[in-house]
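Heads up: the structure comes next, in structure tokens.
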Amino acid sequence: MSLKIAAEVYPKSPSETVMEPLIVVNEYDEDRHKVAVEKLERLCEVGQSGKPSLVTDLMGDPICRIRHFQLHVMLVAEYGEGGEVVGVIRGCVKTVTRGNSVYVKLAYILGLRVSPRHRRFGIGTKLVEHLEEWCKQKGAKYAYMATDCTNEPSVNLFTKKCGYSKFRTLTILVQPVHAHYKPISSNVAVLRLPPRLAGSMYDQLFANSEFYPKDKDSILCNKLNLGTFMAIPKKYLSKCDPKRGILPPSYAILSVWNTKDVFKLQVKGVSPLAHACCVGTRLLDEWMPWLRLPSFPDVFRPFGVYFLYGLHMEGKCGAQLMKCLCAFVHNMGRDGGGCGAIVAELGQRDPVRDVVPHWRKFSWAEDMWCIKNLHKGSSQHSDWFTSRSSLPVIFVDPRDF
């Protein structure tokens, strides 16, 4: 599968136009493209001069972020006779709810990169178009992408050139993992639910939400899933039997996805003073853990993330129980080694959003999701653009993160 496009460079004079060699878009081939794609990723991760940047280490697997979807693809744009890799894009197709227990086949587009030297030639647009065609062939009715609302080049590319519409806005909450343990109330019991029981509960809780994946069983049974946990008041332990659907009046539930075995992050470009201050808080926390200092993790070396998903709380004690669960996962991360942060992404109307502990400075208030109907002229699913789900909850697939 390939697509050839002409890339036009800016002329040296008003009357001069130079046509560059053709750009060819092909599916990723590990033997041919792996080294070049890794080089391109490094080029695109460089932040602005003098400013900190967040670098992603894909740990030698360029398709790691889509590998756990049954239907996935990575496309590369090659330039000239030598086949220089100048652009990449990734995508997958899954079946999700669009609210009210209605399922639809949906494509997720991510990881678009274009070499800094080859931008403004329409390569990004063509990569998106070619990926959309692949997704339509796999039966996708819609495609969506996610980006920080401040990323103007990405927002403009998708909304102004590729026909996407701003759809939902979510919040990404980040809680650093400290050197000390977080306390958990002695009145709270944390239970680990087997995958089948967790899936049954999630079906009841999220069937009417948006973006709930039909293949949730493959997520819950995946080796990257560290478990589904429920917090309940200890006084209800003898009366609670989730297997038979007997739940206490108050409880909280969430699942944990281990992204640190997929990719790692690293902060670069901070000043020596900021680096020293961060290291100092960590040392103090390690030497005097009883003070429970809000120490800064070592993010200047590659670190991993635990991603929380499927968060839900019930009852008058639900908020307290959710905080206990988040503390429980924090302690898991502290003991797990190499985990620098706990992350959750929630809809802005989700009541859990106000409960999950986080550092505001390192969180994203607006993670914008843009969507497109891949079948223009079809009104079969057009109401998804204009209607709200019956629940204020958006289920964030951990494989998307």
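No donor-acceptor pair under 3.5 Å is formed between the side chain of Arg65 and the backbone N or O of Phe263. Judged purely by atom type and a 3.5 angstrom limit, His330 uses its side chain to pair as donor or acceptor with the backbone of His178. Listed for the His118 side chain is no donor-acceptor partner under 3.5 Å among the backbone atoms of Ser115. Distance alone, capped at 3.5 Å, places no donor-acceptor pair between the Glu30 side chain and the Asp61 backbone. In this structure, the side chain of Lys182 does not engage the main chain of Cys326 through any donor-acceptor pair within 3.5 Å. Within the 3.5 Å criterion, the main-chain N or O of Glu366 finds no donor-acceptor partner in the side chain of Thr169. Formation of a donor-acceptor pair under 3.5 Å by the His130 side chain with backbone atoms of Lys126 is not found in this model. Of the possible polar contacts, none joining the Lys161 side chain to the Thr125 backbone as a donor-acceptor pair under 3.5 Å is found. Checking side-chain atoms of Asp285 against main-chain N and O of Ala179 turns up a donor-acceptor pair under 3.5 Å. In this structure, Lys260 contributes its side chain and Gly337 its backbone to a donor-acceptor pair below 3.5 Å.
Note: Phe362 and Phe296 meet the aromatic proximity criterion, with ring centroids under 6.0 Å apart. Aromatic ring centres of Phe328 and Phe229 lie closer together than 6.0 Å.
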Would Val96 and Asp397 satisfy side-chain contact (heavy atoms from CB on, under 4.5 Å), going step by step from the backbone distance to the final call? CA-CA 10 Å; Val96 304; Asp397 191 324; 6.0 Å; no
Applying side-chain contact (heavy atoms from CB on, under 4.5 Å), run through Arg90 and Val73 and close with a yes or a no. CA-CA 6 Å; Arg90 302 161 177 88; Val73 72; over 6 Å; no
Set out, in order, the CA-CA distance, both residues' side-chain angles and the distance that settles side-chain contact (heavy atoms from CB on, under 4.5 Å) for Ser209 and His312, then state yes or no. CA-CA 12 Å; Ser209 66; His312 180 81; over 6 Å; no
Working note: Val155 + Lys166, criterion side-chain contact (heavy atoms from CB on, under 4.5 Å); need CA distance, chi angles, decisive distance, verdict. CA-CA 9 Å; Val155 173; Lys166 298 176 183 178; 4.0 Å; yes
Evaluation steps, salt bridge (charged side-chain N to carboxylate O under 4.0 Å, His left out), between Glu345 and Arg168: CA-CA 12 Å; Glu345 185 165 14; Arg168 299 288 185 258; over 6 Å; no
For side chain to side chain donor-acceptor pair (under 3.5 Å), just list the numbers for Ser255 and Tyr202, CA-CA rounded to whole Å, side-chain angles, deciding distance to a tenth of an Å, and then say yes or no. CA-CA 10 Å; Ser255 296; Tyr202 280 155; 2.8 Å; yes
Test Asp400 against Tyr309 for side chain to side chain donor-acceptor pair (under 3.5 Å), laying out the working first. CA-CA 11 Å; Asp400 288 356; Tyr309 68 99; over 6 Å; no
Candidate pair Tyr251 and Tyr236, rule ring pair (Phe, Tyr, Trp, His ring centres under 6.0 Å), full reasoning: CA-CA 10 Å; Tyr251 69 89; Tyr236 291 113; over 10 Å; no
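For the 3.5 Å distance criterion, the side chains of Asp57 and Gln266 fail to qualify, holding no donor opposite an acceptor. No donor-acceptor contact under 3.5 angstrom links the side chains of Thr281 and Ser295, judged on distance only.
The nearest pair of heavy atoms linking Ile123 to Ala77 is CG2-CB, 3.9 Å. Of all non-hydrogen atoms in Pro242 and Leu197, the two that sit nearest each other are O-CD1, 3.5 Å. A pairwise comparison of heavy atoms in His375 and Ala140 identifies NE2-O, 3.2 Å as the closest pair. Nearest heavy-atom pair across Asn208 and Ser101 is OD1-OG, 3.0 Å. Scanning both residues, Lys239 and Ile246, for their nearest heavy atoms gives O-CG2, 3.3 Å. Residues Leu127 and Arg113 come closest through the heavy atom pair CD1-O, 4.4 Å.
At a threshold of 4.5 Å between non-hydrogen side-chain atoms, the residues Thr56 and Glu41 do not count as touching. Here the side chains of Ile253 and Thr228 are in contact, with some heavy-atom distance below 4.5 Å. Side-chain contact between Leu58 and Glu38 is absent, with no heavy-atom pair separated by less than 4.5 Å. Counting heavy atoms from C-beta outward, Asp298 and Arg282 have side chains that stay 4.5 Å or more apart. Counting heavy atoms from C-beta on, the side chains of Thr95 and Lys105 come closer than 4.5 Å. Contact annotation: the side chain of Pro213 approaches that of Phe395 to within less than 4.5 Å [non-hydrogen atoms, C-beta and beyond]. The shortest side-chain heavy-atom distance between Val25 and Val76 does not fall under the 4.5 Å cut-off. No side-chain heavy atom of His180 sits under 4.5 Å from any side-chain heavy atom of Leu291.
In this structure, CD on Glu314 lies 10.5 Å from CE on Met322, to the nearest 0.5 angstrom. Rounding to the nearest 0.5 Å places CD1 of Ile89 at 8.0 Å from CD of Glu132. His68 NE2 to Cys92 SG: the interatomic distance, rounded to the nearest 0.5 Å, is 12.0 Å. Within the model, atoms CG of Asp367 and CG of Leu346 stand 11.5 Å from one another, a figure rounded to the nearest 0.5 Å. A distance of 8.0 Å separates CD1 in Ile109 from SG in Cys162, rounded to the nearest 0.5 Å. The line from CG of Leu193 to NZ of Lys243 is 10.0 Å long, rounded to the nearest 0.5 Å.
Under the 30°/60° scheme for interplanar angles, the aromatic rings of Phe401 and Phe307 are found to lie parallel. Under the 30°/60° scheme for interplanar angles, the aromatic rings of Tyr144 and Phe211 are found to be tilted.
The side chain to side chain contact (heavy atoms under 4.5 Å, CB included) test with Val93 is passed by exactly one of Phe69, Tyr108, Trp134: Trp134.
Salt-bridge check for Glu210 with Arg349: failed, with every basic side-chain N at 4.0 Å or more from each acidic carboxylate O.
More than 12 heavy atoms of other residues, nucleotides or ligands sit less than 6.0 Å from atom NZ of Lys234.
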